[in-house]
S.K.: 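One structure coming up, written as structure tokens, with questions to follow.
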Amino acid sequence: MCETFAMANEKAQHPPVRFETHPDRYKNVELSFPAEYGGEVACIALDIKEDGGLRPGYPLKLNSYDLGVDLELADAVNRVRFEHPEVKAVLVASKKDRIFCSGANIYMLGSSTHAFKVNFCKFTNETRLWLEELSAEGGVPTIAALNGTASGGGYELAIACDEIVLVEDGSSAVSYPEAPLLAVLPGTGGLTRLTDKRKIRRDLADAFSTVAEGVRGKRAVQWGLVDEAPPRAKFDEAVIRRTKDLVARSKRKKGAKMVLNPLSPKRETDRVEYTYVTVELERAARKATITVRAPSGSEPQTPDELAKKGDAAWLVRMARELDDALLDLRFNQPEIGVVALLTKGDAKDVLAAEKILLAHDADGLVSEVRLQLKRVLKRLDMTAKSLFCLVEPGSCFAGVLLELLLASDRVFMKDVEDVFVEVSPAQAGLFPMGNGLSRLESRFLGTPSQVGKLLEHKEPLDTQSALDRGLVTFAPDDLDWDDEVRIAFEERAAMSPDAMTGMEQNLRFGGPETLETKIFARLSAWQNWIFQRPNAVGEKGALTLYGRPERPEFDFNRT
Amino acid sequence: MSNVNNDRIPNNVSLSDDKRLQRALEAWQPSFLSWWNDMGPFGFQKDDVFLRTATSVTSEGWANFDYVKMPEYRWGIFLADPTKDRKIGFGDNMGQPVWQQIPGEHRNALRRLIVTQGDTEPASVEQQRLLGHTCPSVYDLRNLFQVNVEEGRHLWAMVYLLHSYFGRDGREEAEALLERRSGDPDKPRILGAFNEPCTEWLSFFMFTFFTDRDGKYQLLALSESSFDPLSRTTRFMLTEEAHHMFVGETGVLRMVERTASQMKELGLEHPDDVRKAGLLDLPLIQRYLNLWYALSLDLFGGEISSNAANFFAAGLKGRAKEERYEDHVALDSFYDMEVVRDGKLGREQVPLRNAMNEVLRDEYVEDCQRGVDKWNRTIAAHGIPFELKLPHRRFYRQVGISANVPFDPSGKMISKDQFEAQKGEWLPTEADKAYVQSIMQKPVFDPKQMANWIAPPKQGIKGRAVDFEYVRHT
């Protein structure tokens, strides 16, 4: 235990996190397709090994998880989407006896830097939202089978599923012990989902969230925390019955299978080279440049062609590479503050490649490709780096790649003749943001008519037209470009990273609130405030003293 | 001494002055009786049993002996007399007055402690409900029932606390105590040992020696509690618990005595020959001892425990006989512990508060050893060269840092294969179980008789002869 504390306090340097995995390499998650459902159900089961953590120093007891576990969970969901079109429902379960999951490992959190913790929580939140999207848009409903207690993040994982079955054995419970035990809050959208998703009465949610041991079977059903609480002997039966009902209700579109192969980028110290994406780092300037290249040659136009081309298809490959690059920047490059977003290639190729998304959304695989792009673009929206888009000759900000421009905090477009951006039907809601609006709609909250006008405009826009139509922030000419851009980056990189993160997150998500925006906004609030306050992490804070002999002492002043 | 009333629920807590509580307990009473009739001793509910009933906590009052039909046993609520100006004796609030009401801050933790303790009481009654049909003597039958009714009373004691101090949650927990069932996979009892089958008398005596002794130490630790009603309740329970351990200690002693004396008399050496004489061979007794000792050690919880630290810091649960220790805050000391880390044994300095379960376990181990020594003196007195041994505390554990790591009874780490290969030497085998069942099939209901595999006790109960008709079985 002392050893653990020593490690916890060191916050040692760790090797970089890698985000790709594969069911064959999972350590803690098992992806299976049980025979009793004729292969139409994917079972994602947690069997977390105590020594299965991504980093040393914290045994993952009682099915508690760390980032490594969540990467496997996210991968499993993605494999179901692409590699298992036959699957019609997902069952989230535990392979451990009498314990479902006890949430994020406390000692892992204690031994992590603040930045890592925030990014860990952000990633786990994204994965939970993926599960919800899998059901809402992928037509694959989900169910959590709680064969034992689900506490903290364990219940948050369950509540991200459509249905929850909890065994009633007199001791298994669902619980949020964060507030009473650790003086923090559930960090994976758990509180928001109580009220907004399961629509649990606020006073009951309040009671539930302050009792460390949680709520068991009968009352959990009464309060709406779970859907059913059968005794142990009837538990499997109930899970099977409900899962079969979900299969019957599934609205999954028919589509071909696509195998996702490893990306195998070339990594150098300050450069990562993927097929369609390059990341270059200028560490001293705290700057990264992401360049996304247009496809070259013909891209699939029909579902059959897409299935044949497999994961080499530009839309798929580019999205996966951008996703990996963003996670790499988030977790492994904390000091990078500003990201330049560039594109290279012919806009015609981009627009030709994206046509399939517009023409064939009824196909299951095409639809999954679109949803993946949607998720990656959201990942960009949620990345705590300043995003500056640079539009220069030879770039191709058109259609799906115009979303990168629209996601940026600022857009610089060189005022020269041969540079264009182009709006396509893809901007009409193919890739909605977390607030439910398209990036174009979010941009023109004050002048909504501008959205329709831009969508009707079927031609490339030169710098002046783009500036006039509100797509561009600044348009320096050839002479000023280098200096203007350099100064803008230097200025930005010099500002407080906390203030910038907070400001950007405020400004990026104008317009309506959704479950998703609420979850992330409140996550920022609690991560950056409650989690930083002495009552949690001070010398006498509850989180600091968890597992230690002393008891916490609170400053009882309310703000 | 507060007034003892002898209404439906004998008590010394002025129950008749608290109508709300009285009504709550009177409402719970039928559920309890229906549980007792369903899950209590099977087949003896109409018999007169010579039982001890507590009607007050004074030396005359707590042990009234008479014939009682078990369902008419008067389960009462008794708290040891209050200690004037009692102060908190350990933890962060040391020296402050003890609590007569529960501080809200500790409500959940206390409820959990009380529910966990309370759950063991009906559990053991359930585990033992069929034992009457294989009793080795009427004397032992009576002792079994005495243990059973008192476990029932201890349940009442915990339920009283739940009803008095924990509101609706407490009432629900009190109901749940009657709903869980020992060994039922659907609704198991909370702690592992209380779901293990206890279907013959060898296990019963081991259970009352080892498992009830865990109860003794838990009660000793709870009797230090800052929550005064819990302290007073558990102090009185301890007086009754002593008899349960007496049953276990003398039960094993009498089995050992019988085996050793017959080995000597008949010149038996090999266990097979001992079995041919219908006796419990000593290696077999050792294997049962190993099993029940390990199961009971688990009940103390993890060696390194944040719960234990919290309970101590908050003053909810102390150490057994806390006054014998010098440092009652225990914040700056460490416990030098042998631990398993990454598959190897090593030593670690554990903050003392986090090691409180282990501190309590230390006391328990020492207490068990005293009993084992007595048994060994009996064996030695007959000149039999055999010694019963407590296995190492790492052996066959399911809870804590040694859980599911294979160790031999001397505490040496071995491979899983080795453990599997030698398991039959260390733990009861199927053949052992079948043999034990085979010699304990027939009950002995004639007060003059004693089963072959056990020696008669040295004396009877409350001055009665050993062959007194302690149970009038019809």
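In the text below, chain A, chain B and the rest are named by the order of the sequence lines, each starting its count at 1.
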S.K.: With only heavy atoms counted, which part of B/A314 is less than 4.5 Å from chain A, the side chain, the backbone, both or neither?
M.R.: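 Contact with chain A is through both the backbone and side chain of B/A314.
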S.K.: Examine whether an atom of A/E550 lies under 4.5 Å from a heavy atom of chain B, and if so say whether it belongs to the side chain, the backbone or both; otherwise answer neither.
M.R.: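 It is both, since atoms from each part get that close.
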S.K.: Test of understanding: with side chain to side chain donor-acceptor pair (under 3.5 Å), list the residues that count as partners of B/K187, not counting sequence neighbours.
M.R.: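 Side chain to side chain donor-acceptor pair (under 3.5 Å) check on B/K187 returns nothing, list empty.
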S.K.: What part of A/E168 gets within 4.5 angstrom of chain B, counting heavy atoms only: side chain, backbone, both, or neither?
M.R.: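 Contact with chain B is through both the backbone and side chain of A/E168.
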S.K.: Pair B/E172, A/R216 - check salt bridge (Lys or Arg N to Asp or Glu O under 4.0 Å), show working.
M.R.: CA-CA 11 Å; B/E172 286 184 8; A/R216 295 191 300 254; over 6 Å; no
S.K.: So what's closer than 4.5 Å to chain A heavy atoms on B/R107: side chain, backbone, both or neither?
M.R.: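 No part of it gets close to chain A.
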S.K.: Counting only heavy atoms closer than 4.5 Å, note whether B/D92 contacts chain A via side chain, backbone, both or neither.
M.R.: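 Side chain only.
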S.K.: Mind running salt bridge (Lys or Arg N to Asp or Glu O under 4.0 Å) on B/R393 and B/E358 for me, showing each step along the way?
M.R.: CA-CA 11 Å; B/R393 65 176 81 181; B/E358 195 62 7; 2.7 Å; yes
S.K.: Please determine if B/R111 forms a cation-pi arrangement with B/F166, meaning its NZ or CZ atom is less than 6.0 Å from the six-membered ring centre and no more than 45° off the ring axis.
M.R.: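 Cation-pi check for B/R111 and B/F166: fails.
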S.K.: With the side chain counted from C-beta on, respond yes when B/L316 and B/F227 share a heavy-atom pair under 4.5 Å apart, and no when they do not.
M.R.: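 No - every pair of side-chain heavy atoms lies 4.5 Å or more apart.
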S.K.: Counting heavy-atom pairs closer than 4.5 Å to chain A, which one of B/A355, B/P188, B/A330 comes out on top?
M.R.: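 Going by pairs under 4.5 Å, I would pick B/P188.
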